[in-house]
Structures are given as structure tokens and as C-alpha cells.
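Notes follow once the structure below has been shown.
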Protein chains: 2
Amino acid sequence: MNKRPTIRDVAAMAGVSVATVSRVLSGDYPVANATRTKVQRAVRELDYVVNAHARALSGSTSNVVALVMYDVVTPFFAFIASGVEYQATESDRLCLVCTTHGDPDRELEIVKLMREQHADAVILVGGVNMSDDYRERMYRYAKGLEDAGSRLVLCGRPSLGPDFPAITVEYDNAGGAFSATSHLLSSGHRRIAMLGGPIGNTTFDARLDGYRRALEAFRVHVDPKLIIHGDMSQESGFRQVQRLLADGVEFTAIFAANDFVAAGAMRALRAAGKSVPDDVSVIGYDDTPFAPELTPALTSVHLPHEELGRTAVKLALQRGEGSARQHVMLGTHIAMRDSVRPLI
Amino acid sequence: MNKRPTIRDVAAMAGVSVATVSRVLSGDYPVANATRTKVQRAVRELDYVVNAHARALSGSTSNVVALVMYDVVTPFFAFIASGVEYQATESDRLCLVCTTHGDPDRELEIVKLMREQHADAVILVGGVNMSDDYRERMYRYAKGLEDAGSRLVLCGRPSLGPDFPAITVEYDNAGGAFSATSHLLSSGHRRIAMLGGPIGNTTFDARLDGYRRALEAFRVHVDPKLIIHGDMSQESGFRQVQRLLADGVEFTAIFAANDFVAAGAMRALRAAGKSVPDDVSVIGYDDTPFAPELTPALTSVHLPHEELGRTAVKLALQRGEGSARQHVMLGTHIAMRDSVRPLI
DNA sequence: ACGATTCTAGAAAGCGTTTACCCTACGCGT
DNA sequence: ACGCGTAGGGTAAACGCTTTCTAGAATCGT
């Protein structure tokens, strides 16, 4: 097994100094054509590649963007990750992916790892449980990252104030929920069940809030019996509807906190002999790729997932001092399909 | 903005040498308790974290596992990635993710980047177009990675022979297709349409092969008219069925090369007024999370996605010389649901 | 023809760790 | 009392690159 060649080997073979090789490789400094050619031949000959760690140690950037999220398979996260990855390679960065599975300690751990790695940007994706000490801890993280020269981006997570050293890239969570609920309301529905997510999570609190505000805007009573919380799984949606039915709660429409819950809900409805959308209208959130494949095709709130990811990277990599604490909010829209019907 | 502290700052504050600090941090070398405490206090005081690049440069491992795949959102890849990420963090490694979108040049580029990064393992995921020069190029990659001290893993991609310096972790692609087709055959179906993937791709060639072998085992004629190729999208499945119908090809069952194609196919069938499974049985591949949510719930070939990913990492990180070129094959099974019905 | 620029390229000082090597002091067996 | 093994800790040499500083050669204006 050959040892991997270093820059000195290349320099020796080309008969120049290591400085010259380095300059040919980075291509910024003027180098005579003949010399450049010699060096390039040596590089090819030896199949030389630079050592990224040495380069990062010597220079100052690591060319790495870090992505921290709940998991990697939920479409919501996967699509944001896709946008991040896309823009990262566009900007010649590599993409480090870590998952927390909702564990705050793990998140702390990861941020430490990212400081070690000198990531150019650290992107925290998705909602979070805004606990008492979350802000304070997040502030320490942010400081640490700033000192390490990394940009912190909160993506799909609320800002922590304008003086907080982080970029925020949100989508209009509450607004999407408001539109969805309004859509149901203006179709004549008044008894709209909200199948919500875990309490305290910024994402699902916001969706619930949008639901509430829409009802209020239509002067419809917010009936607590219509609001259920669960995790975000298909099973949860299934059971939530079963419970509603078992409790004899009346409703003509369902607003589910995401498409998986909506799918489970529709399954429960079908199992109970109720037709969607004839008996009950259903609307989801996230507009996952399978939404159009359900029967009936699911109406859902569409999010600009990929653009969220792309914007996060773009802003983070943008140099200039004012850029370190921006806040952008992306819009949502409803993808209308067949799971909603006006109430006659 | 504070400069980030180095090990010398810690050493100075604790009144010891940098060597001692390093030893306290790695914890291998004996250090007196009092000294250790002093150092740890200084570390906390300064909020010091090691510089991963300096460590990687000095030591020899980068603690990074690289994952190269088609994209990040297709459930097939996402679940494998999930397994990789899981096992990587289990082994205290970070996980670098790159996508190729099917571009072989991009794959080459990425492997070079991974050599630069000194990744402990490079995992190439999923099928590939086995072109003439693929083998040769892959061989050069493999050599380069081996010299760089990285392990190469082919995951869900066929081995290139026992003397090829790479680990292979496959699932029984053809076997799964064989089972699926056999399931249809033993339910009495004889006219089974195969909605295949792109020609030349190892994954879809294998699935097609399993289909063929099953028909032959049942002594059923393989009718070329029943075999269509497309990309792997829902739309592709939809159009493939439309075409079959328009061409007046007779069939009582469909074997789709993945669940997305199956979903599109079912939609086309429904649009044409055909009932699944009363008129046509359908079976998918990959057993994506939405398969149970379709109407009817889709029978599909279940793959051990996460275990593929986990095994890839586990084998790659396992030290010992013989371990550098192993080959494991994982099994599949059919997840039976409601989209298949015996032909009466 | 001669000083002033402009190119080109080398020498060497870091970048922040780890680790091989060396040294001191102390306990212990004989 | 003496040699020795060992725990504890310091010194300095890598690790492989980038970049500043410096300097010779080539070009140019007058």
C-alpha cells in the first residue's frame, strides 16, 4: 500500500518549491505557464489530492456546512436537507448531517462537535421545545459558534430576537394554518377538528395558533374538545380520529398538523365508514409527495422546503457584517386537491 | 469577538504544558488527579474545544464517514442514510452527505473530495449504470481511497469481485422481485405487467431479472409487451399504465419497480375505472411509509434499509485486515396488504 | 545604460494538535 | 544504601498546508 503523496512530493517531482505547488493549486497567485504545467503533470502523475485538514488548519475555512435536524427520513426534514445540500455544493461546501431525534442534550453535543469542526455554518432545522433554559443555552451556543467563526442559522424555527447572533429563515407556519383553516371555514365548515402535534413545540404551537386565529376571524367558537395533541405519526392520526368518534364529538372537517397524521385520520374515517370528503373534509400540512396519491388526493399546505434550505445556506455564506443576523420569512400556499368539499 | 482559545491557552491557565492538557483530554495517559482537575477547570473556564482539523492532521483519523447517494429525499435513500447516520454517531463519527443525482462525473468529483477529507469510510449507495468504464474507474477510486486510508463500501450495489478493495453490503434485489412475482403467480395471475426502471441500472435490472426468473420458474411466457421501462416517478407509473391500456395489452396484475411507480399506476387504473385489486392486482417495491396509506393499502417488497446502512458503517469501521473486502447480502420479505387478490 | 517596476518563485513562519522521547522523583526489594 | 521500575509531566518534532516576506530575473521608461 502506497503512502499518500504530500505537497512536498509533488514539489520534488516538479522541481519547484511547495509554495509554488500550493499556488498552482489554489490558482490565485500568478505562476508562469511552464511551471504550472510541470506542477499539474506531477499532480496527475502522483494522483495527489490536498489534505483538507491541513488546509483548514492553515487557511481559515473548512468548507463545511453542518445540518442539524430531528431525523433524516421525515419528508419535511429531507426536503429541507435537499435544499441545503444543493446550495452547499453550489457553493463548494461539503455537508455534515446530524440528527437529534428530539434530544436537547444531543443537540448541545452536536453544536460542540461543530465548533470542533469549524463549520462555516451550522443550520438548526425545525421546531423545538422552547423551554425555560432553551433561550439561555441557545445564546451560549451562538456565542461559541460566533467565536469559532461559524454562522448559526435557525431554519424553520422562530428567531430569538434581533440582537441574537443568528440568521433566521422561517416559513409562515401560523399563516399556513390560518389559510388552511380559513379554506375550510369559507367552505362552510364550522366544526373543524385540529389534530395537533406535541405541546410546546414551536412548529405545532404556531399551526395551532393559526387555526385558532382563523376561527376567531370567522367568529367561530374554539371548542377545546376539537383540539387533540399527539405525536406526528400516521398511527397518532388514526387513534386521534378513533377517539373523536368514540367520544361522540361532532365535526365535519379535520385540519391535521401534517400529512402523515392526515393519512392516518383518513384511514380511521374510512374504517368507520365515513367518506372523505362527502362526510368529512380533511386538510394536511407539508404537502408531502404522497399527498396526491392518497384517496382522495389530499389537500395540503405547501411549504417551500427546498428554498428554506437553500436560503439558509445562501445567507450564512454571504460575507459582510450586517449579514450575520438577518431574518427572512417565506410564504406558504394551499395545494388544492380532492379531500375538501363545501358543506351544503 | 473573542478569539477562540487554543490548547496553549488552556495549558497556560492551568499552569501545565500542552502535552498534559492533551493527555487529560484524550484520557489515555496517566495524569495526577490534582492536575486533571486544574486542566478541566481551565477548559470549562475558557469554553475550550479542540480543533478537529489539527487533531486529524496530527493523529490519523478524521472521525468522519461519507455517504454518497442519488438524492436525499427518496425514501429508499433516506432510510439507508438514516441507518448510516445512526451507526456513525454510535461509533462517534460524523456523517458527511453528498448527492450525485445520477451524474457519474459528480460521483468521481465527490470521491476525490472524500480523499481530501480523509474520511474513515466512503459509502456509495444504490444502483448505478454499469457502463464499460465504470469498473475501471471504480477500481481507480478504490485504490485512491485505500491509499488515503479510507474504507470503500458499496451499499445496495453489486460487488465488483472478491479481489476488489471494497466492502459490499447488498440486499437481495432479484430475490425480492422473484418473491413478489411468485406471489402474484401463485395467486393465479399469468399476465403480469412489469413497470421497470431505467435500463442498465443495476438495481432495476436485478428486479427485472427476478421477475423473469419467477415467470420462467412457473413456466409462464415472458411477454415483452408486458415490460415497460421508465424513470421511477409517480408520473412515470401513471403514464406507463395509460400506455398499456391504450395499447390494449391484457394484464391482471402489475409489478412496479418501486412504490412511487405503483402509486402512479394505481391512480391511472382508478382513472380508467379499473378497481384495485378486483380488476388488477398491484405490488410495489421498497415498502415506503405511505404504502399502507394508499387505497387499497399497497403490498410491497420490504427492504432492510436501515440495517443496510448500519451494516455498511459497522463493517467499514471494523479493524483488522481481512475485513477490508467482505460481502454481505441481506434478505427481503413481502409486506402483504390489500392490493393483491387471487385470480378466480 | 540604469534605476524602477513587475513577474516569478523560494524560505520559513505559523496553524493547533499528538506523541516520541527524556527527565525527575518516589517506592521497593535486597 | 543502592539500583530499578514506574508514575507524572515537560520539550520539541512532526502532521501538510497557506501565506508573508524576501529576492533574483525580466521588462520598461527615459
Side-chain angles (χ1 to χ4, degrees), chain A residues 2-40 42-43 46-64 112-113 115-119 147-150, chain B residues 2-40 42-43 46-64 113 115-119 147-149:
Chain A
N2 296 312
K3 202 71 211 88
R4 97 183 287 201
T6 74
I7 198 174
R8 345 177 72 83
D9 300 323
V10 177
M13 172 172 257
V16 299
S17 73
V18 294
T20 303
V21 176
S22 172
R23 300 204 258 247
V24 168
L25 262 30
S26 25
D28 39 12
Y29 197 88
V31 171
N33 265 325
T35 317
R36 181 192 318 284
T37 313
K38 276 192 303 186
V39 170
Q40 284 167 341
V43 165
L46 294 169
D47 195 20
Y48 166 80
V49 293
V50 301
N51 180 321
H53 298 297
R55 171 173 284 179
L57 185 56
S58 186
S60 54
T61 172
S62 64
N63 285 356
V64 164
K112 182 183 161 202
L113 289 175
R115 281 214 282 156
E116 297 184 356
Q117 297 288 331
H118 271 211
D147 290 354
S150 306
Chain B
N2 295 313
K3 203 68 214 94
R4 96 184 288 199
T6 75
I7 198 175
R8 341 177 74 83
D9 300 323
V10 176
M13 172 172 256
V16 301
S17 74
V18 294
T20 303
V21 176
S22 174
R23 300 204 259 246
V24 169
L25 261 31
S26 29
D28 38 13
Y29 197 86
V31 171
N33 265 326
T35 316
R36 181 192 315 284
T37 313
K38 276 191 302 184
V39 170
Q40 284 167 338
V43 165
L46 295 168
D47 194 19
Y48 165 81
V49 294
V50 301
N51 180 322
H53 298 298
R55 172 173 284 177
L57 185 55
S58 186
S60 54
T61 171
S62 66
N63 285 357
V64 164
L113 288 175
R115 281 214 282 156
E116 297 183 356
Q117 296 290 329
H118 271 211
D147 289 354

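Numbers restart at 1 for each chain; the letters A, B, ... are given by sequence-line order, proteins then strands.
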(message) Between C1' on C:dT18 and CG on B:Asn63, what's the gap in Å once rounded to a whole number?
(response) 14 Å
(request) Round to the nearest Å and state the distance from B:Leu57 atom CG to D:dT18 atom P. (result) 12 Å
(request) Report yes or no: is there a donor-acceptor pair, N or O only, under 3.5 Å between the side chain of B:Thr20 and the base of D:dG10? (result) no
(request) Nearest whole angstrom, please: distance from the P of C:dC15 to the CD of A:Gln117. (result) 20 Å
(request) Would you mind telling me which of D:dC17, C:dA11, C:dT18 lies closest to the side-chain atoms of A:Arg55? (result) D:dC17
(message) Can you identify which nucleotide, out of D:dG8, C:dT17, D:dG16, has its nearest atom closest to the B:Ala32 side chain?
(response) D:dG8
(request) Write down the distance between CD1 (B:Ile7) and P (D:dG10), rounded to a whole number of angstrom. (result) 12 Å
(message) Restricting to non-hydrogen atoms, name the atom on B:Ser62 and the atom on B:Ala56 that form the minimum distance, rounded to 0.1 Å.
(response) CA-CB, 4.2 Å
(message) Can you give me the closest heavy-atom contact between B:His53 and A:His53, atom names plus distance?
(response) ND1-ND1, 3.1 Å
(message) Suppose we call a contact any N or O donor and acceptor under 3.5 Å apart; does that hold for the side chain of A:Arg23 and the base of D:dT20?
(response) yes
(request) Give B:Thr6 one of three labels, base, sugar-phosphate or nothing, depending on what nucleic acid heavy atoms sit under 4.0 Å from its own. (result) sugar-phosphate
(message) Heavy atoms only, 4.0 Å cut-off, all strands: where does B:Ala19 land among base, sugar-phosphate and nothing?
(response) base
(message) Using a 4.0 Å heavy-atom cut-off, does B:Val10 contact any base of the nucleic acid, only the sugar-phosphate backbone, or nothing at all?
(response) nothing
(request) Check the distance between C:dG16's P and A:Glu116's CD and give it to me in whole angstrom. (result) 15 Å
(message) Measure CG/A:Asp9 against P/D:dC15 and give the value in whole Å, please.
(response) 11 Å
(message) With a 4.0 Å cutoff (strictly under), does any side-chain N or O of A:Ser22 reach OP1 or OP2 of D:dT19?
(response) no
(message) In whole Å, I'd like the distance from the CG atom of A:Asp28 to the P atom of D:dC17.
(response) 16 Å
(request) For C:dG14, take OP1 and OP2 only and decide whether either is under 4.0 Å from a side-chain N or O of A:Ser58. (result) no
(request) Quick one: pull up CG in A:Asp47 and CZ in B:Arg115 and give me the separation to the nearest 0.5 Å. (result) 4.0 Å
(message) For A:Arg36 versus A:Val31, what's the shortest heavy-atom pair and its separation?
(response) NH2-O, 3.1 Å
(message) Using a heavy-atom cut-off of 4.0 Å across all strands, would you classify A:Ser26 as base, sugar-phosphate, or nothing?
(response) nothing
(request) Measure from the side-chain heavy atoms of A:Tyr29 and tell me the nearest of C:dT8, C:dG16, D:dG9. (result) C:dT8
(request) Measure the OG-CZ distance between B:Ser17 and B:Arg23 for me, rounded to the nearest 0.5 Å. (result) 6.0 Å
(message) Can you measure A:Arg8 atom CZ to D:dC15 atom P for me and round it to whole angstrom units?
(response) 8 Å
(message) For a quick check, tell me whether the side chain of B:Arg36 and the base of D:dG8 share a donor-acceptor pair closer than 3.5 Å.
(response) no
